[in-house]
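Residue numbers run from 1 in the order of the sequence given. Each ligand, and each atom within it, is numbered from 1 in the order the structure gives.
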Amino acid sequence: MFSLYSFLLAGLVCHSLGQYDDYDEYYFPSAPQGAVSSPTCAQDCECPSNFPTAMYCNERSLKFVPIVPSGIKYLYLQNNNIEEIKAGVFDNATDLRWLVLDNNNITSDKIQAGTIDKLSSLEKLLFSNNKLTKPPGPLSKSLDELKLIGNQLSSFPSNTLSGMENLTTIHLSKNKLTTESITGAFKGLKSLVLLDVSENKLKKLPAGVPPSLLMLYADHNDIDSIPNGYLAKLPALQYLRVSHNKMVDSGIPAGVFNVSSLLELDLSFNKLKTIPEINESLEHLYLQVNDISKFDLSNICKFISPVNYSRLRTLRLDGNNLTHSSMPDDTSNCLRQASEIIFE
Ligand SMILES: *[C@@H]1O[C@H](CO)[C@@H](O)[C@H](O)[C@H]1NC(C)=O
Ligand SMILES: *[C@@H]1O[C@H](CO)[C@@H](O)[C@H](O)[C@H]1NC(C)=O
Ligand SMILES: *[C@@H]1O[C@H](CO)[C@@H](O)[C@H](O)[C@H]1NC(C)=O
Ligand SMILES: *[C@@H]1O[C@H](CO)[C@@H](O)[C@H](O)[C@H]1NC(C)=O
Ligand SMILES: *[C@@H]1O[C@H](CO)[C@@H](O)[C@H](O)[C@H]1NC(C)=O
Ligand SMILES: *[C@@H]1O[C@H](CO)[C@@H](O)[C@H](O)[C@H]1NC(C)=O
Ligand SMILES: *[C@@H]1O[C@H](CO)[C@@H](O)[C@H](O)[C@H]1NC(C)=O
């Protein structure tokens with residue numbers, strides 16, 4: 001399974017090169033065709049004899065989580081009508097690593113004690129599109145992936161993720177999280193590479209995020225500024241997305257994007273009037289649909305030496321008050337590698 005996961009992560013990093021990504025298709029392998037189910041399998045589910053550690057219960061109109069037999073490591077329960085996780089169902093599932101509960105109707109108060117909190121080997125908890133108002137748990141410290149997209153989370157206690165040294169990806173988009181509700185929640189997560197808090201109610205970028213972070217997605221919030229030195233504390237960060245927020249020029253301190261790790265910066269759909277100053281190592285800059293009316297060449301054209309100049313390949317400026325005639329004559333000279341410059 002480790003190699004499969006490496007593949008998932010590779011796919012994820014690779015897809016991130018685009019402005020939007022979609023990797024859900026990799027997650028839910030269905031039961032192998034024509035496989036014979038093992039005798040201990042839950043009624044209504046399928047446990048293929050050639051993959052005896054997996055139990056497939058997806059798309060079966062289930063109302064409850066069935067009792068999971070011992071030995072199951074991968075449990076697929078997505079796309080049902082499950083509303084409740086009753087005590088006892090996981091009593092023998094002490095080896096469970098992956099628990100997939102996406103697209104059900106589970107509320108936080110219907111997760112009984114002694115269920116998810118007893119899964120001490122859990123590595124992936126995929127629980128998107130349910131009705132959770134707080135994260136389930138306490139969750140196992142062995143978790144490496146947590147996906148709670150499209151719930152109603154308004155609370156996220158600061159100790160929810162503490163000690164999860166192997167946690168690499170956290171998806172919390174499409175919830176009701178505020179800046180206060182996530183304060184301190186991501187501190188000390190040594191392995192975290194992706195944090196997605198887009199489509200929430202944040203007024204600020206999350207504080208205390210670990211230096212291992214590669215991707216930070218905070219689109220569709222109410223963020224108006226980036227704290228001075230924020231990126232300097234994230235030396236591995238390559239992708240920063242803050243589109244569809246309330247960013248204004250005064251919220252961007254001088255030099256805040258002067259870091260050499262950043263490859264993609266998405267500030268589209270904000271209220272910027274000027275092009276922010278970047279470092280020559282940035283490759284993709286999205287600034288479409290802002291209020292920019294001046295082309296500040298010196299902010300994006302960093303000519304270091306004849307062999308070292310701006311690596312910008314994508315520059316989107318459409319939906320601003322700019323035309324090709326606003327572009328200074330020496331632009332093409334500087335943006336030599338740019339393959340996609342879009343104005344209108
Ligand atoms: C979830 O519950 C609501 C009623 O609370 C119901 O209308 C809806 O069909 C249910 N959805 C699923 C996927 O079971
Ligand atoms: C757990 O396994 C034991 C031994 O096989 C069995 O007696 C018991 O009924 C099982 N418990 C559940 C909740 O399935
Ligand atoms: C993290 O992963 C390593 C290597 O797989 C493992 O030895 C360690 O126990 C894990 N940490 C936790 C808290 O589960
Ligand atoms: C960017 O930061 C470096 C130090 O890391 C500094 O030498 C350089 O002058 C800064 N550039 C600008 C334009 O402030
Ligand atoms: C870009 O960042 C590198 C590394 O911090 C720094 O040495 C360089 O001066 C920066 N470039 C500019 C134009 O500030
Ligand atoms: C180009 O500049 C970067 C820092 O901005 C530096 O790391 C790199 O070594 C330079 N390359 C050359 C060929 O001068
Ligand atoms: C748009 O740009 C033109 C000049 O390029 C300027 O005269 C005009 O005031 C700008 N409009 C707005 C709304 O900024």
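The existence of a salt bridge linking R311 and E283 is excluded, since no basic side-chain nitrogen approaches an acidic carboxylate oxygen closer than 4.0 Å.
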Give every pair formed by an N or O atom of ligand 3 and a protein N or O atom closer than 3.5 Å, one pair per line with both atom names and the distance to 0.1 Å, or write none.
{"unit_1": "ligand 3", "atom_1": "2 (O)", "unit_2": "N166", "atom_2": "OD1", "d": "3.3"}
{"unit_1": "ligand 3", "atom_1": "2 (O)", "unit_2": "N166", "atom_2": "ND2", "d": "2.4"}
{"unit_1": "ligand 3", "atom_1": "11 (N)", "unit_2": "E165", "atom_2": "OE2", "d": "2.6"}
{"unit_1": "ligand 3", "atom_1": "11 (N)", "unit_2": "N166", "atom_2": "ND2", "d": "2.9"}

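Y74 and F51 have tilted rings, their planes meeting at an angle from 30° to 60° on a 0 to 90° scale.
Within the cation-pi definition used here (under 6.0 Å to the ring centroid, within 45° of the axis), R316 does not qualify as a partner of Y286.
In terms of polar-atom proximity, defined here as any N/O pair under 3.5 Å, D91 makes no such contact with ligand 2. The N/O atoms of N258, backbone and side chain alike, include one that comes under 3.5 Å of an N/O atom in ligand 4.
Residues L267 and L265 form a side-chain contact, since some pair of their non-hydrogen atoms from C-beta on lies under 4.5 Å apart.
The hydrophobic cluster containing V248 does not contain V256, counting ILVMFWY residues as joined when their side-chain heavy atoms lie under 4.5 angstrom apart, directly or transitively.
Of all the atoms in ligand 2, the ones that sit under 4.0 Å from a non-hydrogen atom of G88 are 13 (C). Counting atoms of ligand 4 from 1 in the listed order, those under 4.0 Å from a heavy atom of E277 are 13 (C).
Atom-to-atom distance recorded for N320:CG and S293:OG is 8.5 Å, nearest 0.5 angstrom.
Side chain of D318 to backbone of Q288: no donor-acceptor contact under 3.5 angstrom is found.
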Scan the side chains in residues 153-166 for donor-acceptor partners under 3.5 Å anywhere in the protein, sequence neighbours excluded, and list what turns up.
{"unit_1": "T160", "atom_1": "OG1", "unit_2": "P157", "atom_2": "O", "d": "2.6"}
{"unit_1": "S162", "atom_1": "OG", "unit_2": "N159", "atom_2": "O", "d": "3.2"}

